[in-house]
Amino acid sequence: MRDRGFVAYGTAKGALSHMTRLMAADLSPKIRVNAIAVGSVATSALETVLTNDAIYNEMVSRTPVKRLGEADDIAIAALYLASDASSFVTGKIFEVDGGLEEPNLVLGIPDV
């Protein structure tokens with residue numbers, strides 16, 4: 001399913017992906033460049049979601065792992081990318097999103 005209202009968000013994500021690959025090529029071999037594509041994480045940015053049971057339940061039910069992310073989920077990914085364990089990784093987008101392949105909140109924007 002595709003929903004309306006995600007043009008700016010999708011464009012920004014696409015630009016981040018392309019920039020990550022280009023910077024990795026430009027800065028190799030001395031500097032590795034990777035990015036973390038974050039899904040819905042329970043932070044103050046989602047305060048409306050966290051305080052509205054209907055929206056919260058919809059987002060959780062549409063997320064394959066059946067929960068929202070926590071800040072520690074992202075921190076652990078960043079730690080991996082900053083460590084020697086990822087020394088052969090560059091130009092990649094590390095998806096920490098609970099398995100999302102489509103938005104987990106339907107905006108319901110009508111046809112124009």
Side-chain angles (χ1 to χ4, degrees):
M1 170 196 67
R2 296 192 192 272
D3 194 21
R4 295 171 192 243
F6 290 95
V7 171
Y9 179 80
T11 300
K13 289 281 190 170
L16 175 68
S17 176
H18 195 66
M19 182 185 77
T20 300
R21 289 191 308 270
L22 292 175
M23 287 180 67
D26 285 352
L27 299 172
S28 288
K30 292 185 178 187
I31 299 173
R32 294 180 298 113
V33 178
N34 296 291
I36 300 173
V38 177
S40 300
V41 177
T43 65
S44 61
L46 288 184
E47 184 176 343
T48 300
V49 171
L50 299 174
T51 58
N52 182 314
D53 287 343
I55 297 172
Y56 176 84
N57 291 334
E58 178 184 351
M59 290 181 76
V60 168
S61 72
R62 291 176 179 271
T63 303
V65 299
K66 301 301 182 210
R67 70 176 180 88
L68 298 184
E70 299 291 334
D72 282 351
D73 296 320
I74 309 311
I76 291 167
L79 182 61
Y80 166 73
L81 289 173
S83 75
D84 288 339
S86 69
S87 66
F88 198 58
V89 179
T90 193
K92 301 302 176 197
I93 307 296
F94 201 74
E95 297 176 354
V96 183
D97 60 10
L100 288 173
E101 293 295 329
E102 59 188 35
N104 61 352
L105 181 63
V106 176
L107 299 179
I109 296 174
D111 292 350
V112 285

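These numbers were taken from a predicted model, which means no experiment stands behind them.
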Between [X] and [Y], what is the shortest heavy-atom contact and its length?
X: Gly99; Y: Pro64; value: O-CG, 3.2 Å
X: Ser86; Y: Ala82; value: OG-N, 4.4 Å
X: Gly91; Y: Asn34; value: N-OD1, 3.3 Å

So does [Y] get a backbone contact from the side chain of [X], meaning a donor-acceptor N/O pair under 3.5 Å?
X: Thr90; Y: Arg32; result: no
X: Ser17; Y: Gly14; result: no
X: Thr11; Y: Val7; result: yes
X: Lys66; Y: Val60; result: no
X: Asn52; Y: Thr48; result: no

Pairwise side-chain contact, [X] with [Y], heavy-atom cut-off 4.5 Å (strictly under):
X: Met19; Y: Leu22; value: no
X: Val89; Y: Phe94; value: no
X: Val96; Y: Val38; value: no
X: Arg62; Y: Leu100; value: no
X: Arg4; Y: Leu107; value: no
X: Asp73; Y: Val41; value: no
X: Ile31; Y: Met23; value: no

Can you tell me how far apart [atom1] ([X]) and [atom2] ([Y]) are? Round to the nearest 0.5 Å.
X: Ile36; Y: Glu95; atom1: CD1; atom2: CD; answer: 12.0 Å
X: Asn104; Y: Leu68; atom1: CG; atom2: CG; answer: 7.0 Å
X: Ile93; Y: Leu16; atom1: CD1; atom2: CG; answer: 5.0 Å
X: Phe6; Y: Glu102; atom1: CZ; atom2: CD; answer: 10.0 Å

Pairs flagged by ring-ring contact (aromatic ring centres under 6.0 Å, His included) wherever residues 21-75 is involved - sequence neighbours left out
none

Cluster link Val33 to Phe88, ILVMFWY, side chain under 4.5 Å
no

Checking side-chain polar atoms at under 3.5 Å, does Thr63 have a donor or acceptor matched by the opposite partner on Arg67?
no

As a test of understanding, state which of Leu50, Val106, Val49 forms a side chain to side chain contact (heavy atoms under 4.5 Å, CB included) with Met59.
Val49

